[in-house]
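A short write-up of the structure that comes next.
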Amino acid sequence: MKNIFTLIFLSTLIAFIGCGAKNDNSQQQSNPSAQSRKSFPTVLQKGLEVHGGLDQWNKMKALTFSFMRDEAKEIQKTALDSRKCKIERGDIFTLGFDGEEVWVAPDKAAFGKSSARFYHNLIFYFYAMPFVLADPGIVYTE
């Protein structure tokens with residue numbers, strides 16, 4: 001549990017540093033999907049490089065990771081192209097996102113009072129932070 005909080009803290013710190021970083025390309029592009037790597041803030045370019053690079057990430061089909069939570073092993077599997085996911089926490093619950101709906105089995109009560117819709121992407125965003133920040137929909141400005 002300590003490791004996940006350390007990871008979340010470091011990822012958040014990197015995000016805040018990236019928000020304050022100067023952009024090498026001060027002109028906004030009219031088409032965010034055509035954003036080139038040169039227009040990423042320098043700190044994001046470096047972050048992508050040390051995590052294997054954006055080209056390698058784009059070749060990958062899925063991201064799977066596991067960790068201990070509430071004394072149960074949680075396994076999260078996410079399809080990178082669609083962001084469909086399946087989260088299993090031991091034999092306590094299975095949570096999924098089919099591209100439209102978030103569901104919990106055996107029922108919502110097994111997941112608890114938290115929002116399943118919020119949680120289905122939460123940990124993924126921290127694990128994949130550099131690549132999430134490289135999304136073509138993000139426009140960087142000074």
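In this text, all values refer to a predicted model and were calculated from it rather than measured experimentally. Only this structure's heavy atoms are used, side chains among them; waters, hydrogens and symmetry mates stay out.
When the shell of 6.0 Å around NZ of K73 is examined, it contains 12 or fewer heavy atoms from other residues, nucleotides or ligands. Counting heavy-atom neighbours within 6.0 Å of D81 CG, excluding the residue itself, gives a total above 12.
Within the 4.5 Å cutoff, no side-chain heavy atoms of L44 are placed close to those of T42.
Both M60 and F65 are members of a single hydrophobic cluster when ILVMFWY side chains are connected at heavy-atom separations under 4.5 Å. Cluster annotation: I138 is connected to F40 through the hydrophobic network of ILVMFWY side chains, with a link wherever side-chain heavy atoms come within less than 4.5 Å. Residues F97 and W103 fall into different hydrophobic clusters, defined by Ile, Leu, Val, Met, Phe, Trp and Tyr side chains chained together at heavy-atom separations under 4.5 Å. Under a hydrophobic-cluster definition in which Ile, Leu, Val, Met, Phe, Trp and Tyr are linked whenever side-chain heavy atoms come within less than 4.5 Å, directly or via other members, I75 and L63 are assigned to different clusters. The same ILVMFWY cluster, assembled from side-chain heavy atoms under 4.5 Å apart, contains both F118 and F126.
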Note to self: Working note: F67 + R69, criterion side-chain contact (heavy atoms from CB on, under 4.5 Å); need CA distance, chi angles, decisive distance, verdict.
What the structure shows: CA-CA 6 Å; F67 55 92; R69 184 173 183 135; 3.8 Å; yes

Next item on the list: Take K61 and L80 through the side-chain contact (heavy atoms from CB on, under 4.5 Å) test and state the conclusion after the steps.
Entry: CA-CA 6 Å; K61 304 291 182 205; L80 297 177; over 6 Å; no

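A donor-acceptor distance shorter than 3.5 angstrom exists from the side chain of D98 to the backbone of E100, with no hydrogens or angles considered. In this structure a side-chain-to-backbone donor-acceptor pair under 3.5 Å is missing from D55 to N58. Panel note: side chain K108, backbone G112; a donor-acceptor pair is recorded below 3.5 Å. Checked by atom type and distance alone, the side chain of H120 pairs as donor or acceptor with a backbone atom of R117 at under 3.5 Å. Between the side chain of S82 and the backbone N or O of K84, at least one donor-acceptor pair lies under 3.5 Å.
To the nearest 0.5 Å, atom OG of residue S66 and atom CD1 of residue I87 are 12.5 Å apart.
Listed by chain and residue number, F131 satisfy the ring pair (Phe, Tyr, Trp, His ring centres under 6.0 Å) test with W57 (two or more places apart in sequence, or in another chain). With sequence neighbours excluded, the residues satisfying side-chain hydrogen bond (donor to acceptor under 3.5 Å, both in side chains) with E74 are Q76, R89, Y119.
Just one residue in the list I123, T78, T64, V102 forms a side chain to side chain contact (heavy atoms under 4.5 Å, CB included) with C85, and that residue is T78.
Listed here is the closest heavy atom pair of V104 and A116: CG2-CB, 3.7 Å.
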